[in-house]
Colleague: 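Here you go, one structure.
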Amino acid sequence: MPDSADSFAPSGTRSAHIPTLEDLEGALGSLDGQRILVRTDFNVPLEREGDTTRITDDFRIRAALPTIQWLVDRGAQVVTASHLGRPKGSPDPKYSMDAVRARLAELAPGVELLENLRYDPGEEGNDDAFARKLVAGIDGYVNDAFGASHRAHASIVGPPRYVPSAAGRQLQHEVEVLLVMRTKPARPFVAVLGGAKVSDKLGVIGALLDTVDALAIGGAMCFTFLAAQGNSIGASLFEPDQVETCRQLLANASKPIHLPSDIVGLDAAGNVQTFGPRLPDGAKGLDIGPGTAAEFGDVVMDSRTVFWNGPMGMFEDPRFAAGTKTVARAMADTKAFTVVGGGDSAAALAEFGLADDVDWVSTGGGASLELLELGDLPGLAALRVGAARG
Ligand code: ADP
Ligand code: MG
């Protein structure tokens with residue numbers, strides 16, 4: 001596939017060329033009447049009440065619209081496909097795409113959406129037969145699912161083996177922003193980490209310490225670190241088998257790692273309390289305390305580049321939203337270049353009305369962390385290999 005002026009070549013990746021939508025059009029001649037499979041990340045936060053499911057934030061659906069519109073404008077028949085939640089390889093009505101399909105029909109009428117990709121075990125199993133099923137009758141493939149591109153799943157890495165393929169606009173922009181952040185950040189560069197996917201995220205912290213000048217850790221993630229320091233953490237979420245990893249990270253870190261000095265949570269009787277860094281038996285930490293929130297806010301204000309992934313507490317409950325809100329405000333107020341990654345972090349920012357006050361809201365939490373860590377993702381590598389195959 002020839003290089004075009006629109007190709008993008010993220011620095012710090014192994015090979016230069018990741019094909020763009022323009023390259024795809026070049027490869028297919030014309031997109032008019034062509035069936036294009038667009039792997040989107042429609043893994044949106046949902047709220048269920050009885051039989052009705054409501055999308056609490058449609059940011060990830062809207063993020064795919066520039067790519068979809070570009071293809072539709074050129075006469076392509078667009079078929080979108082996404083995973084939603086974690087059904088275990090079989091149909092589960094709880095994870096049906098119906099609510100997403102309804103919203104997509106409002107935003108992009110006439111665009112198809114396949115059923116949840118993870119209804120088939122072949123998706124997460126990276127089964128080649130499932131990949132071939134996905135591309136049956138398909139003329140070209142676009143990956144616009146940044147939030148899933150750190151997974152070597154069938155719909156991410158399979159299609160470029162079979163049909164001309166390209167990165168969509170959202171994926172392209174995500175990669176550009178995060179790789180600039182990785183390779184030439186204005187310093188000091190601080191990462192603020194939280195959220196609940198502790199074991200997913202702990203692995204990247206060591207590598208992240210090579211890139212950033214300081215880390216601030218809140219959310220459920222902080223309790224594994226507090227435990228590693230020998231603090232009692234009561235009934236808080238933590239990963240017992242990661243305590244040793246955290247202990248070593250803390251012992252060997254050449255950069256400051258800010259951990260909470262106070263915690264808001266529920267005591268054993270279910271009352272909201274503010275604790276120090278040691279929680280009594282039965283107490284559950286659900287937010288960083290006001291002192292910690294102020295400290296993290298100052299760290300954000302004093303930085304020139306900030307990456308934030310993961311809420312500081314269980315912000316869905318207003319009693320435990322204050323820490324996340326303080327960090328979100330600092331992200332909005334600081335003069336630093338600010339990037340927020342992660343579905344729930346983005347939802348929190350939107351809920352506080354601050355989504356327009358940061359420089360970039362990434363659609364991927366795990367993916368943005370991995371791209372910062374490694375400078376590459378399986379989904380990007382697949383597109384490069386597909387392009388090299390020609
Ligand atoms: P993101 O989607 O931004 O990457 P995660 O999915 O990792 O973030 O985590 C988001 C979830 O973490 C939120 O639903 C929030 O309620 C939860 N959370 C944050 N802090 C705590 C805590 N201390 N205890 C339990 N859950 C927490
Ligand atoms: Mg999440």
Side-chain angles (χ1 to χ4, degrees), residues 41-48 55-57 59-60 63 83-86 146-148 150-151 174 178 191-205 208 216-227 231 233-239 242 259-260 262-267 272-275 277 279 283-289 292-293 296 307-328 331 339-352 354-355 358 360-373:
D41 177 8
F42 290 162
N43 186 30
V44 292
L46 298 173
E47 204 173 70
R48 293 185 184 84
I55 298 170
T56 52
D57 187 5
F59 168 62
R60 282 177 163 172
H83 73 285
L84 177 64
R86 300 192 168 186
F146 174 69
H150 60 315
R151 312 245 186 240
E174 294 270 16
L178 286 157
V192 182
L193 300 180
K197 291 179 199 153
V198 181
S199 51
D200 278 8
K201 293 177 183 180
L202 274 178
V204 309
I205 288 181
L208 211 52
I217 298 176
M221 186 182 287
C222 74
F223 299 105
T224 309
F225 282 92
L226 291 174
N231 295 299
I233 52 152
S236 309
L237 279 186
F238 92 120
E239 304 273 326
Q242 300 278 352
L259 288 171
D262 57 353
I263 296 286
V264 169
L266 294 173
D267 65 18
V272 177
Q273 296 256 7
T274 303
F275 307 100
L279 299 188
K284 186 165 189 177
L286 293 165
D287 193 11
I288 56 173
T292 304
F296 286 12
F307 173 77
W308 174 32
N309 168 256
M312 294 294 101
M314 215 178 78
F315 75 97
E316 297 88 342
D317 181 331
R319 297 175 300 170
F320 308 114
T324 303
K325 199 177 272 181
T326 298
V327 168
M331 290 294 284
V339 174
V340 178
D344 293 288
S345 310
L349 205 64
E351 192 183 307
F352 305 144
L354 298 171
V358 298
W360 182 256
V361 181
S362 172
T363 48
S368 56
L369 278 169
E370 189 167 321
L371 191 54
L372 279 180
E373 178 197 6

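First listed ligand is number 1; within each ligand, the first listed atom is number 1.
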Colleague: For ligand 1, is K284 a contact, meaning one of its heavy atoms is under 4.0 Å away?
Modeller: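 In this structure, K284 fails to qualify as a contact of ligand 1 - no heavy atom is under 4.0 Å.
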Colleague: Once rounded to the nearest 0.5 Å, what's the spacing between atom OG1 of T324 and atom CD of E316?
Modeller: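 With rounding to 0.5 Å, OG1 (T324) is 8.5 Å from CD (E316).
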Colleague: Check whether any heavy atom of F223 sits under 4.0 Å from an atom of ligand 1.
Modeller: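 The answer is yes: ligand 1 sits under 4.0 Å from a heavy atom of F223.
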Colleague: Distance to 0.1 Å, residue and atom name: give those for the protein heavy atom nearest to atom 9 (O) of ligand 1.
Modeller: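 Here the closest protein heavy atom is A196 N, 2.9 Å.
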Colleague: Considering L193, L286, D287, L369 one by one, which has a heavy atom nearer to atom 24 (N) of ligand 1 than any of the others?
Modeller: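 Result: the heavy atom closest to atom 24 (N) of ligand 1 is in L286.
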Colleague: Just wondering, do D287 and M312 contact through their side chains at under 4.5 Å, heavy atoms?
Modeller: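 Of all side-chain heavy-atom pairs linking D287 with M312, at least one is under 4.5 Å.
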Colleague: Of the protein's non-hydrogen atoms, which lies at the shortest distance from atom 6 (O) of ligand 1, and what is that distance?
Modeller: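 Sorting protein heavy atoms by distance from atom 6 (O) of ligand 1 puts D344 OD2, 3.0 Å first.
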Colleague: Taking the side chain as every heavy atom from C-beta outward, state whether L193 and L208 have any pair of such atoms under 4.5 Å apart.
Modeller: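 The answer is yes, as the side chains (C-beta and beyond) meet within the 4.5 Å cut-off.
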Colleague: Which of the numbered atoms in ligand 1 are under 4.0 angstrom from any heavy atom belonging to G219?
Modeller: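 Going through ligand 1 atom by atom, the ones under 4.0 Å from G219 are 20 (N), 23 (N).
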Colleague: Number the atoms of ligand 1 from 1 as they appear, then name those within less than 4.0 Å of a heavy atom of S345, with their elements.
Modeller: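 Those of ligand 1 that fall under 4.0 Å from S345 are 1 (P), 3 (O).
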Colleague: Below 4.5 Å, heavy atoms only, C-beta onward: do N231 and F223 meet side chain to side chain?
Modeller: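 N231 vs F223: side chains apart.
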Colleague: Starting from atom 18 (N) of ligand 1, find the nearest protein heavy-atom neighbour and note its residue, name and distance.
Modeller: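 Ranked first by proximity to atom 18 (N) of ligand 1 is G313 O, 3.8 Å.
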Colleague: In D344, which N, O or S atom comes closest to the Mg ion (ligand 2)?
Modeller: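 That would be atom OD2.
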Colleague: Looking only at the side chains, is there a donor atom on one of E174 and T363 sitting less than 3.5 Å from an acceptor on the other?
Modeller: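 Present: a donor and an acceptor within the cut-off.
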Colleague: Are any non-hydrogen side-chain atoms of L349 and F59 less than 4.5 angstrom apart?
Modeller: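 With C-beta onward as the side chain, the pair stays apart.
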Colleague: Is the shortest heavy-atom distance from the side chain of I55 to the side chain of E47 under 4.5 Å?
Modeller: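 Contact flag for I55/E47 side chains = no.
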Colleague: Do F225 and L202 have side chains that get closer than 4.5 Å, going by heavy atoms?
Modeller: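 A side-chain contact exists here, since the closest heavy-atom pair is under 4.5 Å.
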Colleague: What closest approach, in Å, do V340 and S345 show between heavy atoms, and which atom pair accounts for it?
Modeller: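 In terms of heavy atoms, the two residues are closest at CG1-CB, 3.8 Å.
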Colleague: Quick one: nearest non-hydrogen protein atom to atom 21 (C) of ligand 1, plus distance?
Modeller: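 Ranked first by proximity to atom 21 (C) of ligand 1 is A220 N, 3.5 Å.
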Colleague: Starting from atom 23 (N) of ligand 1, which protein heavy atom do you reach first, and at what distance in Å?
Modeller: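 For atom 23 (N) of ligand 1, the nearest protein heavy atom comes out as G285 O, 3.1 Å.
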Colleague: Give me the residue, atom name and distance of the protein heavy atom closest to atom 7 (O) of ligand 1.
Modeller: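 Of the protein heavy atoms, K201 NZ, 2.7 Å lies nearest.
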Colleague: Using distance alone, decide if ligand 1 has a nitrogen or oxygen within less than 3.5 Å of any nitrogen or oxygen in G195.
Modeller: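 Looking only at distances, the answer is no, because the N/O contact criterion of under 3.5 Å is not met.
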Colleague: Using a heavy-atom cut-off of under 4.0 Å, does the side chain or the backbone of E316 touch ligand 1, or both, or neither?
Modeller: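 Just the side chain.
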Colleague: Do the side chains of C222 and I263 get nearer than 4.5 Å, heavy atoms only?
Modeller: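 When only atoms from C-beta onward are counted, C222 and I263 do touch, with a gap below 4.5 Å.
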Colleague: Purely on distance, is any nitrogen or oxygen of L237 under 3.5 Å from one on ligand 1?
Modeller: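 No, since none of the N or O atoms of L237 sits under 3.5 Å from an N or O of ligand 1.
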